[in-house]
Every structure is written in C-alpha cells, then in structure tokens.
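Every value quoted in this text rests on a predicted model; they were computed, and no experiment measured them. Throughout, a chain's letter reflects where its sequence line sits, starting with A, and its residues are numbered from 1.
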Amino acid sequence: MLHTINQSPFRGDSLTSCIRFIQADDPILFMEDGIYAVQHGNKFNEIISNLSKTNPIYALSPDIKARGIQNVLAEVKQIDYDGFVELVENHQVNSWL
Amino acid sequence: MKIGILLKEGPYNHQAADSAYQFIQAARKRGHEIESVFFYNDGVNNAANKAEPPQDDRNIYQRWSDLGAEGVNILVCVAAAKRRSINEEILIENATITGLGQLTDIAIRADRLVTFGD
Amino acid sequence: MREEDGEIIKDFMYVMRRAPHGTIYTYEGLEMVLISAAFDQDISIAFIDDGVYSLLKDQDTEDLQIKGFVKTFKALDGYDVEKLYVDRQSLEERGLSEDDLIVDVEVLESAEIGKLMAKQDVVIHN
C-alpha cells in the first residue's frame with residue numbers, strides 16, 4: 001500500500017501517525033506541504049532516516065521545486081507525476097489527509 | 001488500469017485540485033483510464049461556473065470542464081453541493097450532479113481510488 | 001476483494017482522524033459511510049488521533065445549532081457497519097478509555113490496525 005503525506009510535519013501529525021500504522025516495505029510519498037519533512041537539517045531527519053531502513057521513501061519533485069527545497073535527504077528518491085502514477089500502478093493508495 | 005479520483009477540497013484555496021489534475025494528466029499519458037473524478041466536501045466548489053480567476057493564472061474550473069469534454073466523468077456530490085450553493089444552474093459544462101453512492105460505485109469498479117484533499 | 005454471486009465485494013476502510021464539529025469532515029465522512037453501507041461491501045471504520053473524539057459520550061451541539069451526529073454513530077449497527085476500530089494509543093494520549101465512548105468498539109494496538117489497513121482495497125480518510 002502506497003501512503004501519501006501532503007501536510008507539513010510542523011503543522012500536523014500525518015507523518016507520525018502514518019509511521020505508526022505503516023507496514024514494512026510499503027512506500028511513502030511526500031507531496032504538497034508534506035515535502036518539508038524531507039529537507040536536510042530539520043528535526044525530522046532522524047525519523048525519515050530510520051523509516052528509510054524499512055520503507056522506500058519518495059518525494060514529488062515538482063512540489064520540491066515549487067518550494068525551493070535544495071537539500072533533500074539522500075535517502076529520499078525524487079520522482080515526478082509519472083513516477084507517482086507508476087507507484088499507484090503497483091499499490092493501493094492510502095492518502096493521509 | 002481504471003483509476004477513480006476523489007477530490008475533497010475546493011480550487012485555489014488548497015493545492016489538492018492542482019495535484020489531482022497533474023496526476024490525472026500523467027495517468028492518462030501512461031495509458032490509464034480515469035474512470036471518474038468525484039467532488040466531495042468543499043471539492044464541489046470546483047464545479048461552479050461563475051468564477052473568474054485572473055487571466056494570467058490557470059483556470060481550474062475550465063480544466064475540469066475540458067476533461068469532461070474528453071470523456072472523463074466529472075461528478076459532483078448532490079448533498080455536498082446543496083450545502084454549498086452548487087446547482088445545475090451554475091454547473092460547469094460537462095459535469096454531472098449525482099448521488100454520493102456513485103463514489104462507492106466508482107471505488108468498486110475502479111482498480112484504484114486516489115484521494116486528494118487537505 | 002472477493003466475488004459473491006458475480007458481485008464484487010471489496011474491503012473498505014474509512015479513517016476518521018479529525019475532531020468532530022470544528023470542521024465538517026467527520027459529518028460528511030459519516031454520510032459517506034452510511035451511503036456506502038447500502039452496497040454490501042465489507043466496511044470498517046478506524047478512529048485514529050482526534051478521530052476518537054467523535055465517539056465521546058455527552059456531546060451536545062444543541063446550543064451551537066449544529067445538527068449533531070453522535071446518534072448516527074450509535075445507529076451504524078443497523079446499517080451492518082459493525083467493524084469499528086479505535087486506536088489504543090490515540091485514546092490513551094487523550095486521557096480517554098473505552099468507557100468514555102458512546103458505542104461498542106474494538107480497541108486495538110496501532111500495529112493491529114495497520115495490518116487491517118494493509119489488507120484493504122479502498123482506504124478513504126475523512
């Protein structure tokens with residue numbers, strides 16, 4: 001199951017809740033304001049790094065670009081909408097609104 | 001693959017309508033069928049035809065109308081619409097007001113349901 | 001997903017993760033659940049985070065002139081929506097227990113709800 005997170009981790013609990021329920025190997029996609037979770041140097045780095053040991057982590061590149069985020073964590077794979085669709089081809093979707 | 005889209009936020013106020021649209025375009029490019037786009041909650045505001053967004057910005061209403069013209073079902077929940085003054089008289093072209101049951105029907109028929117919201 | 005008499009039956013999980021009344025999401029989400037119950041699908045609701053507040057006893061919206069919907073949660077049984085899962089951690093973080101809730105639910109660990117979630121064909125957050 002693909003989990004998408006579109007909320008800034010500084011504003012809400014989507015990320016921390018998602019992590020509590022997610023199964024190993026399930027991919028996570030950060031999009032919209034969720035992108036701010038994967039910027040290098042912020043307080044969520046350790047959470048994301050630990051998560052990356054069990055789950056593939058993606059971030060939507062047009063949303064990264066729109067927000068001027070240059071230093072995305074190395075553990076995070078950047079994909080465009082084509083990549084988003086590819087993930088949906090392979091997984092049911094759980095959007096953490 | 002048949003993909004259904006659920007959109008739960010209104011246009012401009014939240015990025016959800018833009019994200020849904022970009023996803024739909026990419027999915028169609030990859031050969032998928034967008035079974036339907038279903039507007040719920042404030043998402044029904046995407047179907048109002050009286051809006052006049054600035055000309056130098058995207059027209060989200062027109063996008064949905066164009067998708068509808070290309071054969072994608074653009075569906076508006078009647079119960080949510082009535083709460084928000086959306087009715088047949090101000091409906092964008094190529095959209096349909098329908099019952100909430102349609103959403104369940106889409107979820108059953110489609111291979112995937114992708115939700116966009118707040 | 002399975003087939004019975006040629007009809008597709010999918011596993012639907014509705015996730016309630018927001019507090020009631022402050023926004024309309026829970027109310028309209030509940031309408032979605034009730035409508036979908038008529039389709040004979042395998043439906044469950046997961047109450048997570050602030051979603052557990054939806055089930056508190058003694059909610060009374062009369063003074064606000066907001067139509068209450070707590071009674072509707074009590075009526076879910078009549079719609080054959082019987083799988084109500086509540087996240088134990090969400091309850092405990094809020095100083096609540098099962099006794100504070102208006103309906104019979106299954107209080108589960110997050111990991112157990114996570115496993116159920118992973119089996120779903122459709123997950124909709126409200």
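Within 6.0 Å of CZ on C:Phe39 lie more than 12 heavy atoms contributed by other residues, nucleotides or ligands. A 6.0 Å sphere centred on CG of B:Asn49 holds more than 12 heavy atoms belonging to other residues, nucleotides or ligands. Heavy-atom contacts from other residues, nucleotides or ligands closer than 6.0 Å to CG of B:Asp57 number more than 12. The environment of CD in C:Glu93 is crowded: more than 12 heavy-atom neighbours from other residues, nucleotides or ligands sit within 6.0 Å. For C:Glu98, the CD atom counts as densely surrounded, since its 6.0 Å shell holds more than 12 non-hydrogen atoms of other residues, nucleotides or ligands. Within a 6.0 Å sphere centred on CE of B:Met1, heavy atoms belonging to other residues, nucleotides or ligands number more than 12. Residue-environment remark: CD (C:Glu3) exceeds the threshold of 12 foreign heavy atoms within 6.0 Å.
From B:Thr115, atom OG1 reaches atom CG of C:Asn126 across 8.5 Å, with rounding to the nearest 0.5 Å. Atom CG of residue B:Leu6 and atom NE2 of residue C:His125 lie 11.5 Å apart, to the nearest 0.5 angstrom. Taking OH of C:Tyr25 as the start and CG of B:Asp118 as the end, the distance is 4.5 Å to the nearest 0.5 Å. One finds the CD atom of C:Glu31 at 5.0 Å from the OH atom of B:Tyr40 (value rounded to the nearest 0.5 Å).
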Would B:Arg109 and C:Ile8 satisfy side-chain contact (heavy atoms from CB on, under 4.5 Å), going step by step from the backbone distance to the final call?
CA-CA 8 Å; B:Arg109 278 201 313 266; C:Ile8 297 171; over 6 Å; no

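The shortest side-chain heavy-atom distance between B:Ile108 and C:Phe12 falls under the 4.5 Å cut-off.
Only the side chain of B:Leu103 comes within less than 4.5 Å of a heavy atom in chain C; its backbone stays farther off. Only the side chain of B:Arg83 has a heavy atom closer than 4.5 Å to any heavy atom of chain C. Only the side chain of B:Leu113 has a heavy atom closer than 4.5 Å to any heavy atom of chain C. Heavy atoms closer than 4.5 Å to chain B are found in the side chain of C:Gln41, but not in its backbone.
Listed options B:Asp42, B:Asp105, B:Asp111, B:Leu100 were ranked by heavy-atom pairs under 4.5 angstrom with chain C; first place goes to B:Leu100.
Using a cutoff of 4.0 Å between basic side-chain nitrogens and carboxylate oxygens, B:Arg84 and C:Glu28 are scored as salt-bridged.
Within residues 50-68 of chain C, no residue has any heavy atom closer than 4.5 Å to a heavy atom of chain B.
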